[in-house]
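We number each residue from 1, following the sequence as shown.
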Amino acid sequence: MRFHWLPTLSEPFDRSQELETCIRRLWTLSGSACETEHNKSMDMGNQHPSISRLQEIQKEVKSVEQQVVGFSGLSDDKNYKKLERFLTKQLFEIDSVDTEGKGDIQQARKRAAQETERLLKELEQNANHPHRIEIQNIFEEAQSLVREKIVPFYNGGNCVTDEFEEGIQDIILRLTHVKTGGKISLRKARYHTLTKICAVQEIIEDCMKKQPSLPLSEDAHPSVAKINFVMCEVNKARGVLIALLMGVNNSETCRHLSCVLSGLIADLDALDVCGRTEIRNYRREVVEDINKLLKYLDLEEEADTTKAFDLRQNHSILKIEKVLTRMREIKNELLQAQNPPELYLSSKTELQGLIGQLDEVSLEKNPCIREARRRAVIEVQTLITYIDLKEALEKRKLFACEEHPSHKAVWNVLGNLSEIQGEVLSFDGNRTDKNYIRLEELLTKQLLALDAVDPQGEEKCKAARKQAVKLAQNILSYLDLKSDEWEY
């Protein structure tokens with residue numbers, strides 16, 4: 001907007017009149033702006049009550065979204081029922097909002113209902129996901145094992161059997177292979193279950209490895225009798241803790257056990273050991289045992305308040321991934337090189353270094369990290385074996401000589417295995433792929449060919465055939481490992 005109020009040079013200049021005119025115009029403009037803002041404010045303040053109520057409900061629904069997404073329990077859990085009741089209540093609240101036949105309110109109510117129903121559906125899917133049920137079934141197997149082998153042990157049984165140790169290892173391995181597809185609720189459920197079972201394993205192993213000369217004789221000092229009593233209570237608490245972690249004891253709670261253990265520490269702290277070193281050490285050892293048990297009681301809370309269940313950003317996993325990335329680069333260089341023998345020595349040296357890096361990876365007592373490292377070691381070692389076989393075949397060409405027909409037959413198979421292994425190293429698929437089936441058949445044929453070789457009493461040939469069979473079986477196992485779609 002332009003203002004034409006300045007006087008021309010030819011006109012008489014009345015300063016007071018022009019100033020008054022200017023002020024009047026500015027007031028007019030200012031008033032218009034204020035009126036516009038006031039109208040906007042009135043429009044916002046005049047929002048329909050039904051729309052306001054729907055926005056309030058949506059805000060309440062949004063507040064539990066992360067709880068629903070991360071829900072890792074089952075449909076009979078208290079938290080499931082609590083979330084289900086809350087969301088169902090919000091649906092009733094949405095349904096009760098009066099739209100007065102207005103299209104915009106009807107649309108708003110429809111959107112609010114759809115979002116709430118989406119969360120209800122996700123909650124149900126999390127609790128009833130097939131892999132969540134699989135995790136629960138495996139956990140129930142562990143419960144049965146603990147109920148049969150461990151509870152009797154703490155009730156005066158003889159010892160923990162090898163059957164239990166093997167069974168618990170198998171359960172842990174099966175849990176690490178449960179696929180989560182990156183779904184937060186499944187990762188969390190798997191982590192919770194693994195944490196409990198591994199804690200039981202650690203408690204048992206710690207108890208079995210520990211063979212102290214204690215308890216001390218009560219004749220040594222009056223306080224020894226009290227420490228001995230506390231140690232007996234700690235042993236009982238160990239059994240109670242295992243039963244609690246595995247959900248096979250409904251008569252005890254973690255909170256009560258925590259109070260009992262804390263009370264035992266207080267009793268020990270109050271003892272006067274009169275400067276006796278051996279008694280002080282005895283007391284310290286029992287206190288350490290109690291503190292270990294208290295640490296296991298915090299597992300549930302720790303799992304809920306950290307991202308420990310998501311290993312994608314775990315330091316150890318990142319280190320393993322870095323090693324695997326470099327291993328794949330070396331593999332691609334070897335498979336694509338025009339003159340591979342030139343790379344054999346440097347590649348093997350670097351691969352051995354990668355094995356050393358994997359040995360330094362911290363397992364953090366996590367079976368998933370342990371499995372990730374194991375698989376990474378197999379990947380690197382397989383590539384080293386491939387290079388070793390290629391080198392051996394190259395040397396054999398250079399030093400051709402007369403040899404036993406059976407020995408020659410084994411070398412022919414090894415040559416075939418070398419070519420097949422190169423394809424297996426490049427394979428990237430699953431067990432339904434045609435290429436997987438083809439490679440599996442080729443390896444089976446080589447095993448049959450080795451089985452047909454008659455060593456004719458030649459010890460050297462027997463040893464060579466045995467090594468070739470082992471190599472073929474290792475390549476088959478590696479093919480299975482690459483195709484089982486394992487994840488962290």
- Query: Where do Lys292 and Glu288 land on the salt bridge (charged side-chain N to carboxylate O under 4.0 Å, His left out) test, with the steps shown first?
  - Reply: CA-CA 6 Å; Lys292 284 180 184 177; Glu288 286 173 357; over 6 Å; no
Evaluate the side-chain proximity of [Y] to [X]: yes if any heavy-atom separation is below 4.5 Å, no if none is.
{"X": "Tyr386", "Y": "Leu417", "value": "no"}
{"X": "Leu120", "Y": "Leu91", "value": "yes"}
{"X": "Thr382", "Y": "Val424", "value": "no"}
{"X": "Leu119", "Y": "Leu83", "value": "no"}
{"X": "Tyr478", "Y": "Leu425", "value": "yes"}
{"X": "Ser426", "Y": "Leu335", "value": "yes"}
{"X": "Ile171", "Y": "Phe139", "value": "no"}
{"X": "Met246", "Y": "Leu145", "value": "no"}

Please report the shortest heavy-atom distance between [X] and [Y], naming the atom on each side.
{"X": "Ala112", "Y": "Leu54", "value": "CB-CD2, 4.3 Å"}
{"X": "Leu358", "Y": "Arg373", "value": "O-CD, 3.0 Å"}
{"X": "Ile369", "Y": "Ser362", "value": "CG2-O, 3.7 Å"}
{"X": "Ser50", "Y": "Ile105", "value": "CB-CG2, 3.8 Å"}
{"X": "Ser52", "Y": "Gln47", "value": "OG-NE2, 3.1 Å"}
{"X": "Arg190", "Y": "Thr176", "value": "NH1-O, 3.5 Å"}

Mind checking what makes side chain to side chain contact (heavy atoms under 4.5 Å, CB included) contact with [X], not counting sequence neighbours?
{"X": "Arg326", "value": "Glu329, Ile330, Glu333, Glu350, Leu354"}
{"X": "Lys82", "value": "Asn79, Arg85"}
{"X": "Ile265", "value": "Asp269, Ile290, Asn291, Leu294"}

- Would you list the pairs meeting ring pair (Phe, Tyr, Trp, His ring centres under 6.0 Å) in which at least one residue belongs to residues 54-111, sequence neighbours left out? Phe71-Tyr80
Measuring from [X]:[atom1] to [Y]:[atom2], what's the distance to the nearest 0.5 Å?
{"X": "Arg53", "Y": "Asp98", "atom1": "CZ", "atom2": "CG", "result": "13.5 Å"}
{"X": "Glu423", "Y": "Ile475", "atom1": "CD", "atom2": "CD1", "result": "11.0 Å"}
{"X": "Leu324", "Y": "Lys319", "atom1": "CG", "atom2": "NZ", "result": "13.0 Å"}
{"X": "His129", "Y": "Leu186", "atom1": "NE2", "atom2": "CG", "result": "5.0 Å"}
{"X": "Glu141", "Y": "Gln143", "atom1": "CD", "atom2": "CD", "result": "10.5 Å"}
{"X": "Gln114", "Y": "Glu117", "atom1": "CD", "atom2": "CD", "result": "7.0 Å"}

- Mark yes when over 12 heavy atoms from residues, nucleotides or ligands other than Glu163 sit less than 6.0 Å from its CD; otherwise mark no. no
- Item | Neighbour count >12 (heavy atoms, 6.0 Å) for atom CG, Asp359 | yes
If only atom types and distance count, is the side chain of [X] paired as donor or acceptor with the main-chain N or O of [Y] below 3.5 Å?
{"X": "Asp77", "Y": "Leu74", "result": "yes"}
{"X": "Lys226", "Y": "Leu271", "result": "no"}
{"X": "Arg132", "Y": "Ser72", "result": "yes"}
{"X": "Arg238", "Y": "Leu293", "result": "no"}
{"X": "Ser316", "Y": "Val361", "result": "no"}
{"X": "Asn430", "Y": "Thr432", "result": "yes"}
{"X": "Ser63", "Y": "Glu60", "result": "yes"}
{"X": "Ser258", "Y": "Cys254", "result": "no"}

- Task: Considering only NZ, NE, NH1 and NH2 on the basic side and carboxylate oxygens on the acidic side, decide whether Glu441 and Arg438 come within less than 4.0 Å.
- Result: no
- Hey, are Glu124 and Lys121 close enough for a salt bridge, meaning a charged N less than 4.0 Å from a carboxylate O? no
- Worked verdict on Lys62 versus Glu65 for salt bridge (charged side-chain N to carboxylate O under 4.0 Å, His left out): CA-CA 5 Å; Lys62 189 74 175 174; Glu65 183 174 11; 2.8 Å; yes
- Query: Please walk me through it: do Thr180 and His131 pass side-chain contact (heavy atoms from CB on, under 4.5 Å)?
  - Reply: CA-CA 7 Å; Thr180 65; His131 291 165; over 6 Å; no
- What do the steps show when you test Gln201 against Ile197 for side-chain contact (heavy atoms from CB on, under 4.5 Å), and what is the final call? CA-CA 6 Å; Gln201 187 184 39; Ile197 296 174; 5.7 Å; no
- With sequence neighbours left out, write down each residue that passes salt bridge (Lys or Arg N to Asp or Glu O under 4.0 Å) with Arg328, or none if nothing qualifies. none
- Item | Test log, rule side-chain contact (heavy atoms from CB on, under 4.5 Å), inputs Leu476 and Gln473 | CA-CA 5 Å; Leu476 260 174; Gln473 290 171 339; 5.5 Å; no
- Message: Show me the pairs that pass salt bridge (charged side-chain N to carboxylate O under 4.0 Å, His left out) and involve residues 105-116, at least two apart or across chains.
- Response: Glu115-Arg118
- Report the C-alpha distance between Leu261 and Leu297 in whole Å, list the side-chain angles of each, state the deciding distance to 0.1 Å, and finish with yes or no for side-chain contact (heavy atoms from CB on, under 4.5 Å). CA-CA 11 Å; Leu261 292 171; Leu297 283 171; 4.1 Å; yes
